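Everything on this sheet refers to the single structure shown next.
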Protein chains: 2
Amino acid sequence: MRPNKRDELVRKALAVFYRNGFHATGMDMLVAETGVSKTSMYKHFRNKDELILAALRLRDESFRNWLYRRMEALSECPRGQMLAMFDALAEWFAAPDFRGCMFIKAVAEFQEPEHPIHAQSAEHKRLLAEHFTALARKAGAAEPDRLARSILLLKEGAIVTRVMGNAGDAAADARAAADILLEHALGPDTAR
Amino acid sequence: MRPNKRDELVRKALAVFYRNGFHATGMDMLVAETGVSKTSMYKHFRNKDELILAALRLRDESFRNWLYRRMEALSECPRGQMLAMFDALAEWFAAPDFRGCMFIKAVAEFQEPEHPIHAQSAEHKRLLAEHFTALARKAGAAEPDRLARSILLLKEGAIVTRVMGNAGDAAADARAAADILLEHALGPDTAR
DNA sequence: GACAAAAGTTACTGATCGGTACATTTAAGC
DNA sequence: GCTTAAATGTACCGATCAGTAACTTTTGTC
């Protein structure tokens, strides 16, 4: 069981779950998609839920990694980075394989808060909130967690709105609103 | 086929779908839950998708009806009503059987935009946007649809955040943010 | 009360679900 | 090269999936 084999299975399963949903994706489809046999699949993962959890762990790590790096690339100061998150969001929205937030979808399919899949999805959002609270504190907000939470409300709203595919550029709308909230919490932008 | 029988089936199916999800709820479970036989169920609905669509239609109508009435009960002016939406949201969030937005969940399970279930869920959000654009216009906003969209971003974000069950009162956070956005778009509140 | 149509039930279909028993192949250690 | 254990493949499990054929009961009309 070389370590990269399992990772490859998780990577491929992640793509199928993201595209197809969790309940709608059967183990047979995953087996067909990954080219591995069913027994091998169950050697790597005790059951379907564990495969889903592994996929979500990978998604959490790679998504947050990508988002944070993108924010840092687009701006140097904490305030600018929070705003830049919406530019990163716009890039994500424009990707041809964009299918919404994997964790929102996971929670939609596994509703009981005690369910490990639900709990792990919630953890992803908690980690995001933590990061943004730190940014808001660095930016000098009087109530860093309140500011972070309102910025993230706009982020989640933008994702959902984009998926529901109605009029308007959700990322741009969210960015404009966030700009107003930042101005209100921190005063006029002094950088640059 | 008395007309109220079908409605009763839709009402009960709606509750099960809302609590349990769409793919995870089998027709056998619905048959057991409603007390009707399987053949009768298929006399009323050609297939499962049609039953889901009927449930979503009912949900759309009753939810928007409830929300609009609640907003009107809480405030008389358009601006106050938009803000009151978040108080209504808080009431919804506090309900013991709250399970998030049925349409967000439906879109999460039926991802193809062409799918009738997806399309009908998107329509619900479109109707909400229409209503809020009208309110924003009445409130005197320079760009009514932009204001409406940003208010609704906060609403969707609050629902998702509440479902992901992390710290803070999502409805209150959203309300506070909306208040700032309204102030920015309309100036200080002149009513009352 | 006769009769026709609608609404109901029982019992079943083939397909697919998540998961496994068991035989076979591959690869490493000596 | 022989032994041994891990990795894999075949072929299957009972349960459940959405959906249906054939038959019985209920209901409204005259």
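Worth saying up front: this structure is predicted, and the values here are computed from it rather than measured. Residue numbers start from 1 in every chain, and the chains themselves are labelled A, B, ... in the order their sequence lines are given, proteins ahead of strands. Below, all heavy atoms of this structure are taken into account, side chains as well, without hydrogens, waters or symmetry copies.
Atom CG in B:N20 sits roughly 15 Å away from atom C1' in D:dC17 (whole-Å rounding). Atom pair B:I52:CD1 and D:dA18:C1' shows a separation of 11 Å (rounding to whole Å applied). In this structure, the NE2 atom of A:H23 is 13 Å from the C1' atom of D:dT16, given to the nearest Å. One atom, CG of B:N47, and another, P of D:dA18, lie 11 Å apart when rounded to the nearest Å. Between A:M27 atom CE and D:dC12 atom C1' the separation is 16 Å, expressed in whole Å. Per the geometry, CE belonging to B:M41 stands 15 Å off P belonging to C:dT10, to the nearest Å. Separating the NE2 atom of A:H44 from the P atom of C:dG19 is a distance of 16 Å, rounded to the nearest angstrom.
Checked by distance alone, B:S40 brings no side-chain donor or acceptor within 3.5 Å of a matching partner on the base of C:dT9. A donor-acceptor contact under 3.5 Å is formed by the side chain of A:K38 with the base of C:dG19. Side chain A:T39 to base D:dT8: no donor-acceptor pair is found below 3.5 Å.
Across C:dT9, D:dG19, D:dT8, the shortest atom-to-atom separation from the side chain of A:K43 is found for D:dT8. With D:dG19, C:dT9, C:dG18 as the choices, the nucleotide that has an atom nearest any side-chain atom of B:Y42 turns out to be D:dG19. The nucleotide whose nearest atom lies closest to any side-chain atom of B:D28 is, among C:dT9, D:dG9, D:dC17, D:dC17.
Under the 30°/60° scheme for interplanar angles, the aromatic rings of A:H124 and A:F103 are found to lie parallel. In this structure, A:F93 and A:F98 have tilted ring planes: the angle between them lies in the 30° to 60° band.
Closest approach of A:H44 and A:R6 over heavy atoms only: O-NH1, 3.1 Å.
Regarding contacts with the backbone of D:dG9, a side-chain N or O of A:S37 is found under 4.0 angstrom from either OP1 or OP2.
Place A:A24 and A:R46 on DNA chain C by their nearest nucleotides, and A:A24 ends up nearer the 5' end.
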Trace of the side chain to side chain contact (heavy atoms under 4.5 Å, CB included) decision for A:R11 with A:S62: CA-CA 11 Å; A:R11 231 181 317 115; A:S62 59; over 6 Å; no

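Look at A:K12 and A:E33 and you find no salt bridge, because none of the NZ, NE, NH1 or NH2 atoms lies under 4.0 Å from a carboxylate O.
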